Structures are given as C-alpha cells and as structure tokens.
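Below is one structure, written out as structure tokens, with a few remarks after it.
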Amino acid sequence: MGRVAGAFLVALGIAGGAQAQERLIVDGLLDLRAVHADTTPSYLNGGLGRVRFDDDHEGLRLGRASLGARLRLTDTLGATVVADAYDDGDVNAIGVSEAFVQWRPFPANSIRWQAKAGAFYLPVSLEHRLLGWTSPYTLSASALNTWIGEEFRVLGAELEARWLGAASGYRGDFALVGGVYGWNEGAGVVIAARGWALTDRPSVVFGELGSQRLGLYYQFDRSPGWYGGIAWRHHERLELRALHYDNRADPAASNLAGYSGWNTRFNTLGARWEPVDPLTLTAQYIEGRTAIGPNGDPGQFLMDLSAWYALASLERGRNRLSARYDRFSTRQTSGFYGPPSDDAGHALTIALMHRLAEHWELAAEWLRVDSRFPPRYWLGLPAVATDTQLQLAIRYRFRFEAD
Amino acid sequence: MPLPDPDSNGRGWALRLGARATIGVLTSLFAMSAAGASGTDVAVTVATAKGAPVAGVALVLEPIAAQTPRHREKLSARMEQRERHFVPELLVVETGTQVDFPNNDSVSHQVYSFSPARHFQLSLYRGSVHPPIVFDTAGLVVLGCNIHDEMVGYILVTDSPYHAQTDAHGSARIAGVPAGRYRVRVWAPRIADAPASLERQVEVADGAEVAVNFALLKPLLAAPTPRPGRSEWDAY
C-alpha cells in the first residue's frame with residue numbers, strides 16, 4: 001500500500017526534489033465603469049434588452065471585482081479558485097465562477113496528458129484568453145461566448161491528450177479533449193427565454209442570472225452530460241477548435257420547484273489567425289438546439305439556435321483596437337407558448353483597450369445590438385429593438401505571490 | 001524540418017576512443033595544439049535561395065577517417081529562458097558539456113526533454129535553482145516547457161570539437177582544423193531543406209583555407225517572435 005502511494009506521489013511530481021516556486025498566486029481585478037445606455041430594459045433587470053446595462057442602470061457601475069487564487073500543490077498538480085462580484089442583485093453578493101484542480105504531468109513522449117476536475121469554463125471561447133475568463137479584445141463578449149459563459153460551466157472532469165509536434169520537427173500541436181459533468185440540465189432556459197445577448201456577465205457556479213432568477217445548475221437524473229472536442233495549433237499563428245456538447249438532460253423531467261430538464265446539444269467551430277504580430281482575426285460559429293417537454297409530444301418546446309461572429313484586432317504599442325460583428329438567431333420549431341422564441345439579430349462592437357501603467361488599464365467600448373424577438377410583446381414592447389451601450393472602464397489588476 | 005541523424009558514426013568514435021584512451025587522448029591533444037598553431041581554417045556560409053544570410057545555423061565538422069579529438073576540460077554552456085523563449089533557440093555543444101537553464105522571466109518554467117539523446121525534467125522554477133544538466137550523448141535534444149507549449153528550444157550535441165554557429169552574415173569559421181577528410185554539416189530548426197543537401201565532404205589540407213557555401217533550396221520556416229506582453233495569455 002505504501003509503495004503504491006509512493007509511486008503515486010512520484011507520479012504527481014511530489015518527489016521531484018527541487019522547490020516549487022510560486023506556491024500561491026493571487027490575482028485581483030477591480031473594474032469600474034462609466035456607462036451610457038440607450039436600450040430597452042436589460043434581461044438582467046427583468047427586461048429583454050440584449051446588453052448588460054440599461055437606461056435605469058447606467059452611470060457609474062461596478063464592472064467586476066474578482067479575486068483568483070492558484071495554489072500549486074505539487075510540481076504538476078495545481079488548484080484554482082476564482083470568486084467574482086458584479087453588484088447587480090445576484091442572489092449572493094460574491095460567487096465562485098471557477099474552482100478546479102488540474103494535473104499536467106511532464107510528457108514522457110510526444111503525447112502530453114492533462115486532467116481537470118471541479119468547476120471550469122467549457123473550452124470553447126477564443127476571445128477569453130486572460131485569467132478570470134477575460135478578453136484582451138473587448139469588454140463585452142460575443143453573443144456566442146456570452147451564452148457559453150452564462151449557461152455552461154463544467155461541473156465534472158475533463159481529460160486532454162495533446163500531441164506535441166516539436167520533437168517531430170513540427171511547430172504546433174493537436175489535442176483531443178473530452179469531459180463529463182452534471183448539473184447542466186438547466187442549460188437552455190436563458191437562450192429560450194431571452195434570445196442572444198452580448199455581455200461580460202457570466203454566471204457563477206450554482207448561481208442564477210438576472211432579476212428573474214433563472215436557475216441554471218441542477219440535475220434530475222444520474223446520466224451525466226458530455227463534450228468532446230479537437231484543437232489544432234499551427235506555428236503559434238493559427239488555432240482551430242471544434243467541440244460537440246450534449247447535456248443529455250431528460251426533456252420530460254421537471255420538479256415542483258418549476259425547474260425543467262433542458263435537453264441541449266450544440267456544435268461549435270472556431271478559428272484564430274494571427275498572420276502578423278499586431279493583427280488577430282478570430283471567428284466562431286455555433287449551431288444547436290434545446291428542448292423541454294416529452295419527446296414525441298407535439299407540445300414539446302423545441303428550438304434551433306445558431307450564432308457566429310468575426311473579430312479583427314490590431315495592437316499598436318499600448319493600444320489595442322478591436323471590431324467585431326455578431327450575427328445570431330433562434331427558431332422555435334415546435335410547441336406553442338405565445339409569441340415564438342424566434343430571435344434574429346446582429347451586433348457591432350468597437351473597443352479600444354489602453355495599457356495605462358503597470359497595473360492600470362483603460363477601455364472604451366461601443367456596442368449596438370439590433371434584434372427582432374416576438375416575446376417582447378409580453379412586456380408591451382415591439383418585437384424589434386435596438387440596444388446601444390457605451391462603456392468606459394478603468395481596470396486595476398494586482399498580484400500577490402508566495403513561495 | 002529535417003533533423004540531423006543521431007550520429008551513429010560519432011558515437012562509434014567515442015567508443016573507440018574509450019578503448020584506446022591513453023594514446024588516443026595524447027595524440028588528439030597533440031593534434032589540437034599543433035592545429036592551433038598551424039591548422040587550417042574552414043569557413044562556411046549559409047544563405048537562402050535569394051541570397052539572404054541565415055544566422056544561428058549550427059555547423060559541425062566530423063573527421064571521416066581520423067579519430068575525433070575530445071576536450072578534456074569541463075565544458076559548460078547556458079540555455080536561458082527570456083520572454084517565454086529559449087535563448088539561444090539553438091545551442092551547439094560537445095558531448096560532456098554541462099548546460100545551465102537559468103530562467104530570467106517573471107513567470108516560472110518547467111523545462112523538459114523526452115529526446116532519446118537526453119531525457120530530463122526540471123521542476124517548476126525561476127532564476128537558477130537547478131544544477132546543470134550534462135549532455136553526454138550525441139544527437140538533437142528538443143526542449144520544451146510544460147507550462148508554455150509554444151516554447152521550443154534545441155541543443156545539438158556533437159562528439160566533434162569542431163563546431164560553430166553562423167553570425168548575422170550567415171558565416172561561421174572554425175580555425176585550426178588538422179588536415180584530413182571531414183563531413184561538414186549545417187542544421188537549424190528553421191531550415192526546411194532535406195538533410196542530405198545540408199551535408200558536404202571536404203578535404204582539409206595544411207595551409208589552404210577551405211570554403212563551403214550552402215545555398216538553401218527551400219524558404220526558411222517562420223521564426224517565432226517574442227511576445228513579452230502575453231505571458232498570462234491563453235489560460236483557457
């Protein structure tokens with residue numbers, strides 16, 4: 001038994017000998033906004049507006065206060081916890097958005113394994129490249145990745161096998177990734193009730209979203225959901241990703257609390273190309289469906305969804321200028337519950353990020369969303385709406401390290 | 001990208017040298033000191049098909065008929081990490097060289113290689129905390145960082161003391177080479193040409209400088225560029 005444990009510790013890298021550096025890293029982010037919004041009421045405030053703030057929630061706002069801790073348990077095993085506050089009336093003032101352990105052993109050959117367990121983001125976004133799931137390009141995420149941040153958090157485990165090309169003379173790698181998870185059977189309710197949105201307000205684990213308190217993370221049965229994906233990085237210039245997601249929820253399940261099983265599946269495809277250093281071109285596409293109600297029942301609510309965006313970003317010195325075009329739609333194909341959840345729209349985002357000093361960053365973003373969504377009739381609003389939002393942000397980042 | 005072969009000839013010389021240690025070392029030391037005084041220079045240039053010089057290319061001269069003389073003193077070298085890049089990207093060392101891996105970045109690295117010529121792992125570190133690694137088998141050692149997959153470096157380990165790297169003009173010169181037949185090899189990770197076209201045989205005679213020019217057929221592969229502001233990117 002002791003020998004087995006010993007072998008396990010060696011495998012984890014505990015017996016590596018040399019002292020591990022940066023045993024604890026704490027990253028903090030304080031993001032304050034000056035907001036001008038010309039919108040219908042935001043979905044976060046009970047409306048169906050597609051941006052984070054609205055006419056009654058503008059002026060000086062908290063963008064996000066975030067504290068992330070990374071603890072290195074052994075040379076190859078680490079733990080990450082990120083806590084966020086948004087000051088927008090969430091159930092809890094502070095919530096945990098990520099909490100996981102990650103094991104990444106040294107590669108013994110061209111295949112490098114990595115395992116994660118806990119709560120973490122689905123590996124979909126090509127925008128959120130920075131700690132705490134923030135983007136170097138814009139303040140508000142694309143419609144596609146806003147949804148990924150809102151309704152999907154892996155509460156489970158992920159395994160990745162990555163073929164490292166360097167030893168074969170190829171500058172790049174190729175990865176297969178797969179995950180299993182639970183508590184994702186509510187995923188679909190937000191996109192069905194609201195349509196697509198563009199925000200930087202992801203959900204927290206076991207949190208709810210907006211003043212309607214849409215519950216997201218619950219599980220009816222013992223069947224876990226899964227996802228599988230592939231990723232290819234070529235010469236540090238090109239990255240392609242594809243992923244299939246299926247939460248395997250029973251659409252017939254519901255409980256007295258009013259929660260239903262949302263059977264949601266989708267496919268995503270993404271590409272990032274950096275042909276020359278200052279220029280980044282990114283595009284992602286998603287198509288899928290969500291359903292509640294027994295299969296075969298003509299009353300089943302069934303909705304197809306799709307979205308894509310294309311982003312171009314130019315970096316020059318301390319400045320980064322980005323422009324993004326989003327296009328999105330949902331289409332209800334069965335069930336009758338009033339005006340159909342047929343969403344059709346597009347959005348334009350222009351953002352300028354400026355590194356002010358070592359810890360300080362300024363950002364300005366203009367965002368306009370045009371959408372047609374018949375369920376707005378419920379609120380006495382016309383189906384067609386334009387939401388425009390201008391934000392100025394000042395961000396302060398700090399880090400604390402302990403060996 | 002062609003990789004040099006594991007240099008079975010070189011290993012053969014090393015074994016033979018071990019068998020005839022005393023005489024072998026004496027003659028090679030004599031050969032080297034004699035060469036230092038009166039040996040011949042071998043000058044090599046490497047240029048692209050369009051004539052642009054190629055810097056940082058490894059040049060190795062391997063005696064074909066004679067034994068490879070060996071350095072007896074301790075050789076040491078450094079492979080730094082700076083702005084998430086190995087510096088230099090390519091290091092040429094003689095077998096037996098001990099190499100330090102100082103990390104000058106503010107982020108930690110986890111340097112490793114699983115190349116047959118030298119398998120090693122350095123647990124997470126900043127600065128210089130690990131003792132040097134000795135490279136005692138000829139061949140190419142590809143380096144990686146387990147934290148930053150985009151970091152790739154190379155250590156070319158050779159049994160021959162006659163090695164150099166091209167300068168900004170694409171030129172390299174090895175002075176004091178004793179007379180004899182040699183295999184001249186050049187290699188760099190960015191060169192896409194077939195290994196056979198990167199090898200020549202030359203006859204070195206006393207007094208007359210030997211010039212070897214390599215004109216590459218294929219364009220160079222793209223060079224990685226440091227992106228210092230991105231040390232925390234792609235956390236997802």
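Remember, predicted model here, so these are calculated numbers, not experimental data. Every chain is numbered from 1 and lettered A, B, ... according to where its sequence line falls, protein lines coming before strand lines.
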Below 4.5 Å from any heavy atom of chain B, which atoms of [X] appear? Answer side chain, backbone, both or neither.
X	result
A:Asp277	both
A:Pro123	neither
A:Arg272	side chain
A:Ser110	both

_Tell me which of these, A:Glu98, A:Arg162, A:Glu239, has more heavy-atom pairs under 4.5 Å with chain B than the rest._
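Heavy-atom pairs under 4.5 Å are most numerous for A:Glu98.
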
*Residue pairs fulfilling salt bridge (Lys or Arg N to Asp or Glu O under 4.0 Å) with at least one residue in residues 122-138 of chain A, sequence neighbours excluded*: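 Residue pairs passing salt bridge (Lys or Arg N to Asp or Glu O under 4.0 Å), neighbours aside: A:Glu127-A:Arg324, A:Arg129-A:Glu274, A:Arg129-B:Asp234.
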
*Between B:Asn146 and A:Arg104, is any side-chain donor less than 3.5 angstrom from a side-chain acceptor?*
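Distance-only check fails for B:Asn146 and A:Arg104.
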
Distance from [X] atom [atom1] to [Y] atom [atom2], nearest 0.5 Å?
X	Y	atom1	atom2	answer
A:Glu401	B:Ser108	CD	OG	7.5 Å
A:Asn109	B:His119	CG	NE2	9.0 Å
A:Phe106	B:Ser113	CZ	OG	11.5 Å
A:Ile111	B:Phe114	CD1	CZ	9.0 Å

_Does any backbone or side-chain atom of B:Leu122 lie under 4.5 Å from a heavy atom of chain A? Answer side chain, backbone, both or neither._
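For B:Leu122, the contact with chain A is made by the backbone alone.
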
_Whether A:Arg171 and B:Asp149 form a salt bridge (side-chain N of Lys/Arg under 4.0 Å from carboxylate O of Asp/Glu) is what I want to check._
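The answer is no: the pair does not qualify as a salt bridge.
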
*Residues in ring-ring contact (aromatic ring centres under 6.0 Å, His included) contact with A:Trp232, at least two apart in sequence or another chain*: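 A:His234.
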
Does atom [atom1] ([X]) have a neighbourhood of more than 12 heavy atoms from anything else shown, all under 6.0 Å?
X	atom1	result
A:Tyr396	OH	yes
B:Arg78	CZ	no
B:His169	NE2	no

*Would a distance-only check, ignoring hydrogens and angles, find a side-chain to backbone donor-acceptor pair under 3.5 Å from B:Gln110 to A:Asp75?*
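Checked: pair present.
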
